[in-house]
Every structure is written in C-alpha cells, then in structure tokens.
Protein chains: 2
Amino acid sequence: MNLKKYTDYALRVLIFTGMKSDQELATIKEISEVYTISQEHVRKVVHELVKMELIESVRGRHGGIRMAKPPEEINVGRLVRQLEADFVILECFDKGTNHCVISPGCTLKHVLNRALVAFFKVLEAYTLKDLIKNEEELRELMGL
Amino acid sequence: MNLKKYTDYALRVLIFTGMKSDQELATIKEISEVYTISQEHVRKVVHELVKMELIESVRGRHGGIRMAKPPEEINVGRLVRQLEADFVILECFDKGTNHCVISPGCTLKHVLNRALVAFFKVLEAYTLKDLIKNEEELRELMGL
DNA sequence: AATAAACATGTATTTTGTATACATGTTTAT
DNA sequence: ATAAACATGTATACAAAATACATGTTTATT
Ligand code: SF4
Ligand code: SF4
C-alpha cells in the first residue's frame with residue numbers, strides 16, 4: 001500500500017507553482033531542478049495537471065505555468081483521489097472482476113471501506129494553501 | 001493505492017478457519033476450493049500465518065490448520081499493518097532513500113501521515129470475531 | 001512396510017504497473 | 001530565423017506482485 005510517485009510529483013509541482021506570486025510563471029525546467037526530478041517526469045505531470053484544469057500553461061518563449069485557481073480552492077483529498085484513480089483496493093471493490101463468494105455477506109469489505117473514507121476525510125480537510133503556509137521556509141529549502 | 005491480494009487471502013483464510021468449531025481442523029484444500037484460489041496461493045498464505053503464530057498447523061494425514069488464538073484476539077488493523085509491511089507511501093517516509101529537498105518543512109507529509117493513522121484507527125476497532133459474526137450467512141455463501 | 005493425505009519450502013515464471021527515457025512537434029518572443 | 005518553452009506519443013527498463021512448479025517431510029491408515 002503506497003501512493004504513486006506521480007501523485008507526489010503532482011503535489012510538488014503545485015506547491016512550487018502555488019508559491020509564485022500572482023501572474024509570475026513557473027517553468028518545468030525550474031521545477032525539475034529544484035526537486036532534482038528529470039524534466040520528462042515533470043513535463044508529464046504538468047501535462048496532467050493542465051488537463052485537470054488546476055494549472056494553465058503558456059507556450060512559447062518566456063512561457064511557463066501558473067495556477068488556474070487560487071491554492072485555497074485546491075482540495076488535497078479530491079486531488080489525491082483523482083491522481084490515484086484506481087481505488088480497487090480488493091477484488092470485490094470492482095463488481096466486474098469480483099469472484100469472491102462471500103462478498104455479499106462480507107463484513108471485511110465494509111470495514112475497509114470505512115477506513116478508506118476516514119483516510120480521505122483527513123486529506124479533504126486541507127487545501128493547497130495549507131501546504132504552502134510556511135512559504136519562507138520552503139523557499140529557503142528550495143534555495144530560492 | 002491498493003492492498004495486496006495476499007492480504008485479502010490471509011483474511012479469507014482466517015475467516016474460514018475462525019468459523020471452524022474449537023478443535024476442528026481446516027485444510028488448505030478445502031479453503032482453496034471454497035474461494036476458488038489455487039492451493040499454491042493458499043499454501044503460501046497459510047505458511048505466513050503460521051509464522052505469525054495466528055494459526056497452528058498439524059502435519060500428516062488428517063492434518064490441517066486451526067486458530068492459534070481466539071478470533072476476538074486477532075486485531076484486523078494490526079494484521080493488515082503486518083501484511084502490508086512496507087508503508088513507505090512516499091519517498092520521504094524512508095529516511096534512507098529520501099532526496100526530497102523540502103522534506104524538513106513539508107506539511108504534506110504530515111497530512112498524509114495523519115490520514116494513514118485515521119485509516120488504521122478504523123481497522124484497529126475490529127477483530128476477526130467481528131468479521132464472522134454472521135456465521136450462518138457466510139457458511140451458506142460458502143456452500144457448507 | 002507401503003501408501004496416501006496433508007503441510008513445508010524453495011525456486012522459477014509470468015504478468016502488471018510504474019518509473020524512466022527518447023523523439024518529435026508546436027508555439028511564440030526575440 | 002532562432003531559441004526557449006510547452007505538447008504529445010511511444011518505447012524501454014525495472015520492480016513488485018501474482019502465479020506456477022517441483023520436491024520434501026510428516027503421520028494416519030491399511
Ligand atoms: S473476503 Fe471480503 S473483502 Fe475480501 S474479496 Fe471477499 S468480499 Fe472482498
Ligand atoms: S513533497 Fe513532502 S510529501 Fe512529497 S516527498 Fe517531499 S517531503 Fe515527502
């Protein structure tokens with residue numbers, strides 16, 4: 001049980017971009033350098049985030065990316081849920097492929113579901129804004 | 001983000017074995033047939049559970065497995081935690097391999113940790129006993 | 001003593017998903 | 001025209017999980 005690096009990278013991109021002042025653009029190059037992630041990966045993640053309409057991209061020279069909405073409107077829980085799309089967790093969570101005979105009477109599956117709800121309930125209590133409250137500290141760690 | 005089939009299989013084995021009356025033995029064959037899981041897989045899981053001292057095995061003809069402790073003493077949360085051992089979740093959760101520069105000031109990692117705690121808190125409220133409360137229903141579903 | 005039914009254990013293969021890399025295209029300021 | 005940026009599709013590598021195979025040991029039964 002663990003999250004995809006991808007999910008983390010997406011959050012990192014948002015943390016970086018969210019810290020930029022209003023119309024200032026962040027670039028993939030910058031981001032890849034700060035976190036020492038290859039540009040390829042950042043590119044992919046950025047692409048995804050643009051499609052999700054969380055960030056906007058400006059092409060061409062002096063282009064870059066910026067937030068498509070204010071950080072306080074980006075919910076961490078919802079974001080993680082989308083990025084980790086396939087919450088099958090167990091066979092029976094997907095009716096299509098489920099073959100478990102006891103499924104109709106299984107308490108375990110309800111228990112796991114409740115646990116999952118609790119997991120996201122915590123995440124949903126935070127927005128991107130909460131993750132960049134200590135801007136100066138982060139900026140320093142990033143060497144900016 | 002999803003659990004290993006292995007983890008589920010282990011729970012299934014325990015659900016089945018926990019339903020047997022006191023000194024009655026369950027066999028790998030039986031279990032593999034009820035759930036339509038290959039004997040190989042069940043064998044492996046059983047082996048693991050014996051090592052974890054949750055079930056005992058009796059070798060030789062007329063052998064089988066039985067609970068090593070009463071169902072109400074087997075905590076679902078602790079069990080899942082053990083079975084899913086590697087809770088790295090993200091790079092920074094493992095100090096050894098962590099390279100994320102913002103780690104010392106990152107709020108996200110705390111948020112995720114809190115979410116994980118909430119997840120297990122729910123699971124820890126249940127024991128194997130809770131999973132087999134509806135014995136008759138389960139027995140029927142299993143075709144016993 | 002032989003046999004069969006059960007668990008024990010190590011190893012090998014297949015499959016899947018993730019992570020990573022490569023190549024090429026498009027846009028736009030200079 | 002060029003260079004700096006994003007866009008996008010594809011391919012490769014790697015690791016973990018799922019699955020399968022093979023062989024060994026124990027013990028009740030006959
Ligand atoms: S045992 Fe319960 S949780 Fe597991 S697959 Fe079957 S129905 Fe789902
Ligand atoms: S961004 Fe935060 S959560 Fe992600 S790896 Fe870095 S420290 Fe951990």
Side-chain angles (χ1 to χ4, degrees), chain A residues 1-10 12-13 16-17 20 24-33 35-66 68 83-91 94 97 99-100, chain B residues 1-10 12-13 17 20 24-33 35-66 68 83-91 94 97 99:
Chain A
M1 178 175 175
N2 40 29
L3 302 176
K4 302 181 197 163
K5 281 200 172 180
Y6 223 80
T7 302
D8 186 52
Y9 288 169
R12 290 201 214 177
V13 167
F16 187 94
T17 311
K20 288 274 173 184
E24 198 182 353
L25 294 176
T27 71
I28 289 175
K29 187 147 176 288
E30 253 186 318
I31 296 174
S32 88
E33 278 166 3
Y35 293 116
T36 351
I37 307 173
S38 119
Q39 285 196 41
E40 310 291 345
H41 301 152
V42 179
R43 201 189 308 291
K44 259 195 160 177
V45 168
V46 162
H47 190 206
E48 189 84 14
L49 290 171
V50 169
K51 274 198 280 189
M52 288 167 76
E53 299 186 317
L54 296 179
I55 62 181
E56 292 169 348
S57 66
V58 178
R59 296 178 72 159
R61 196 174 213 193
H62 291 181
I65 58 175
R66 71 165 89 91
L83 294 169
E84 295 284 319
D86 61 330
F87 274 121
V88 177
I89 295 260
L90 287 185
E91 202 176 317
D94 179 353
T97 55
H99 295 305
C100 181
Chain B
M1 179 174 172
N2 41 26
L3 301 176
K4 303 180 196 166
K5 281 200 173 180
Y6 223 80
T7 302
D8 186 53
Y9 288 169
R12 290 200 214 178
V13 167
T17 311
K20 288 275 172 182
E24 198 182 352
L25 293 176
T27 70
I28 289 175
K29 187 150 178 287
E30 254 185 316
I31 296 175
S32 88
E33 278 165 3
Y35 294 116
T36 352
I37 307 173
S38 117
Q39 285 196 40
E40 311 291 345
H41 300 153
V42 179
R43 202 190 308 291
K44 259 197 160 177
V45 168
V46 162
H47 191 204
E48 189 83 13
L49 289 171
V50 168
K51 275 199 277 186
M52 287 167 76
E53 299 188 316
L54 296 178
I55 61 181
E56 292 168 347
S57 67
V58 178
R59 297 178 71 158
R61 197 173 213 194
H62 292 180
I65 58 175
R66 70 165 89 90
L83 293 169
E84 295 284 320
D86 60 330
F87 274 120
V88 175
I89 295 261
L90 287 184
E91 202 176 316
D94 179 353
T97 54
H99 295 305

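Atom pair B:Lys5:NZ and C:dT14:P shows a separation of 18 Å (rounding to whole Å applied). B:Ile31 places its CD1 atom 13 Å from the C1' atom of C:dA6, with the value rounded to the nearest Å. Distance, A:Glu48 CD to D:dG9 C1': 14 Å, rounded to whole Å. Computed from coordinates, the A:Glu91 CD to D:dA17 C1' distance equals 15 Å when rounded to whole Å. A straight line from CG of A:Leu3 to C1' of C:dA19 spans 15 Å, rounded to a whole angstrom. With rounding to whole Å, A:Leu25 atom CG is found 13 Å from D:dA4 atom C1'. The OH-P distance, from A:Tyr6 to C:dG17, rounds to 16 Å in whole Å. C:dC7 atom C1' lies 13 Å from atom CZ of B:Arg66, rounded to whole Å.
Between A:His62 and C:dT28 there is no side-chain polar atom (N or O) within less than 4.0 angstrom of OP1 or OP2. Distances shown here put every side-chain N or O of B:His41 at or beyond 4.0 Å from the OP1 or OP2 atom of D:dA18. One finds a side-chain N or O of B:Ser57 lying less than 4.0 angstrom from the OP1 or OP2 phosphate oxygen of C:dA8. Close to C:dT9, at under 4.0 Å from its OP1 or OP2, lies a side-chain N or O of B:His47. For A:Tyr9, a side-chain nitrogen or oxygen approaches OP1 or OP2 of C:dT20 to under 4.0 Å.
Sequence order on DNA chain C of the closest nucleotides to B:Arg61 and A:Glu40 puts B:Arg61 first from the 5' end.
When both pairing distances are held under 3.5 Å, C:dT30 makes a Watson-Crick or G-U pair with D:dA1. Base pairing of D:dA16 is made with C:dT15, judged by Watson-Crick or G-U wobble geometry with both donor-acceptor distances under 3.5 Å.
Results of the side-chain contact (heavy atoms from CB on, under 4.5 Å) test with B:Tyr9 over B:Leu49, B:Ile37, B:Val42 single out B:Ile37 as the only residue that passes.
For the residue pair B:Ala68 and B:Glu56, the shortest heavy atom distance occurs at CB-CG, 3.7 Å.
Taking 3.5 Å as the limit, the base of D:dT8 and the side chain of A:Lys51 contain no donor-acceptor pair of atoms between them. Side-chain to base pairing of A:Arg59 with C:dT26: one donor and one acceptor N or O lie within less than 3.5 Å of each other. A donor-acceptor contact under 3.5 angstrom links the side-chain atoms of A:Lys44 to the base of C:dT20.
Listed for the B:Tyr35 side chain is a donor-acceptor partner under 3.5 Å among the backbone atoms of B:Arg12. Side-chain atoms of B:Glu30 come within 3.5 Å of backbone atoms of B:Thr27 as a donor-acceptor pair (strictly under, hydrogens ignored). Between the side chain of A:Glu84 and the backbone N or O of B:Met1, at least one donor-acceptor pair lies under 3.5 Å.
Residue B:Thr27 places its side chain closer to C:dA6 than to any other of D:dT19, C:dA6, C:dA8. Of the candidates C:dA21, C:dA19, D:dC6, the closest approach to any side-chain atom of A:Arg43 belongs to D:dC6.
The CD1 atom of B:Ile55 lies 5.5 Å from the OG1 atom of B:Thr17; values are rounded to the nearest 0.5 Å.
At a threshold of 4.0 angstrom between heavy atoms, the contacts of A:Val58 are confined to the sugar-phosphate backbone, with no base atom among them.
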